[in-house]
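Remember, it's 1-based here, ligands and their atoms both numbered in the order they're listed.
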Amino acid sequence: MHAFSDAFQADLETLMRWRRDVRRFRPDPVDEALLQECLDAFLMAPSVGLSEPWRVIRVESSTARAAALANYQAANKDALAGYSGEKSKLYAGLKLSGMQDAPVQLAIFCDEETQKGSGLGAGTMPEMRRYSVVSAIMLFWLAARARGLGLGWVSILDPKQICHDLDVPENHRLVGYFCLGWPEVVADSPELEGTGWEARRGSLPIEVR
Ligand SMILES: Cc1cc2nc3c(=O)[nH]c(=O)nc-3n(C[C@H](O)[C@H](O)[C@H](O)COP(=O)(O)O)c2cc1C
């Protein structure tokens, strides 16, 4: 297949435009087969040296979820303390995770010392492994959105604490904590825009050298 149809290209653009970071979920469960279809995106993702350094932990137990939520709440409190004035008021009103209601929660790590790929491409920039995990997450995000599911990326966390609470090997670095489920609302613009926190750029500045 050399190219995709015009209709597909238009659909793909719509998918990218309507992909959202979701923090408000309906309580309905996510069908296991549907979840698996979304997770299959990891099997198609690019990675440096084909190292596939992603490690996914499904956070299911009430103990693990409570630890993750407490971690987020503490980090969010610290983050709030870093703002003052109007920005502080605005920050306090933001909903920055769906951890209290998302039916599926995943902690995704990068294995920084994977032997897979024999180090190809990661010699001068080992962070490429982490970028590979991010690339895979993007595919997962789109696969989920295409099926009507919403994904929320939570980064307001103490990564060391998460690694400890989930008992991951020493060489695993947290890339993000993800909430997945059926979104309460569907929107074509970021929630942070709606709240007045930040606006998306209307064009891409490109410098030429
Ligand atoms: C690396 C990364 C980390 C993020 N961390 C958080 C977070 O901790 N909490 C949150 O509410 N949103 C988080 N987001 C979502 C962004 O706020 C969101 O992508 C941005 O506002 C644009 O909105 P959109 O994704 O709906 O287009 C994160 C996104 C990325 C890519």
Side-chain angles (χ1 to χ4, degrees), residues 12-26 38 41-42 45-47 53-56 59 65 67-83 87-102 104-110 112 127-163 165-166 172-204:
L12 180 60
E13 191 185 319
T14 305
L15 174 63
M16 293 190 289
R17 191 175 300 281
W18 286 82
R19 176 210 54 76
R20 283 280 72 72
D21 184 272
V22 173
R23 309 114 197 234
R24 297 163 202 279
F25 298 94
R26 303 201 316 252
C38 300
F42 281 89
S47 62
W54 37 83
R55 303 291 178 263
V56 179
V59 184
R65 284 202 180 186
L69 179 61
N71 183 328
Y72 162 74
Q73 286 167 336
N76 201 35
K77 199 170 156 215
D78 288 351
L80 172 61
Y83 296 102
K87 214 62 177 169
S88 166
K89 269 191 223 155
L90 206 50
Y91 188 92
L94 298 174
K95 179 163 168 51
L96 296 170
S97 102
M99 291 165 83
Q100 259 152 326
D101 20 59
V104 178
Q105 302 192 16
L106 306 169
I108 304 186
F109 299 85
C110 176
E112 302 280 335
E127 63 271 27
M128 289 300 155
R129 295 199 184 91
R130 245 170 287 162
Y131 300 161
S132 303
V133 179
V134 175
S135 309
I137 290 165
M138 263 326 299
L139 295 192
F140 174 57
W141 204 333
L142 293 176
R145 181 62 189 89
R147 288 160 178 81
L149 288 163
L151 188 74
W153 191 322
V154 185
S155 55
I156 306 164
L157 293 162
D158 173 349
K160 283 208 175 92
Q161 188 65 45
I162 287 268
C163 290
D165 292 339
L166 294 177
H172 283 30
R173 280 285 205 93
L174 182 70
V175 174
Y177 189 95
F178 296 85
C179 295
L180 183 81
W182 299 104
E184 258 183 18
V185 288
V186 167
D188 68 348
S189 63
E191 187 165 324
L192 287 187
E193 260 187 359
T195 59
W197 181 265
E198 189 54 273
R200 199 185 272 295
R201 286 196 181 98
S203 63
L204 171 68

- Summary of side chain to side chain donor-acceptor pair (under 3.5 Å) pairs that have at least one residue in residues 69-81, sequence neighbours excluded: Tyr72-Asn76, Asn76-Tyr91
- Are the side chains of Phe178 and Val154 in touch, meaning some heavy atoms are under 4.5 Å apart? no
- Query: Does the side chain of Arg145 come within less than 4.5 Å of Leu151's, by heavy atoms?
  - Reply: no
- Mind jotting down which protein residues get a heavy-atom contact under 4.0 Å with ligand 1? Chain and number order, please. Arg19, Arg20, Asp21, Arg23, Leu96, Trp153, Val154, Ser155, Ile156, Pro190, Leu192, Arg200
- Query: Where the side chain of Lys87 meets the backbone of Lys89, is there a donor-acceptor pair that is under 3.5 Å apart?
  - Reply: no
- Query: Within the side chain of Asp21, is there an N or O that forms a donor-acceptor pair under 3.5 Å with the backbone of Trp153?
  - Reply: yes
- Task: Measure across Cys38 and Leu149 and return the closest heavy-atom pair with its distance rounded to 0.1 Å.
- Result: SG-CD1, 3.9 Å
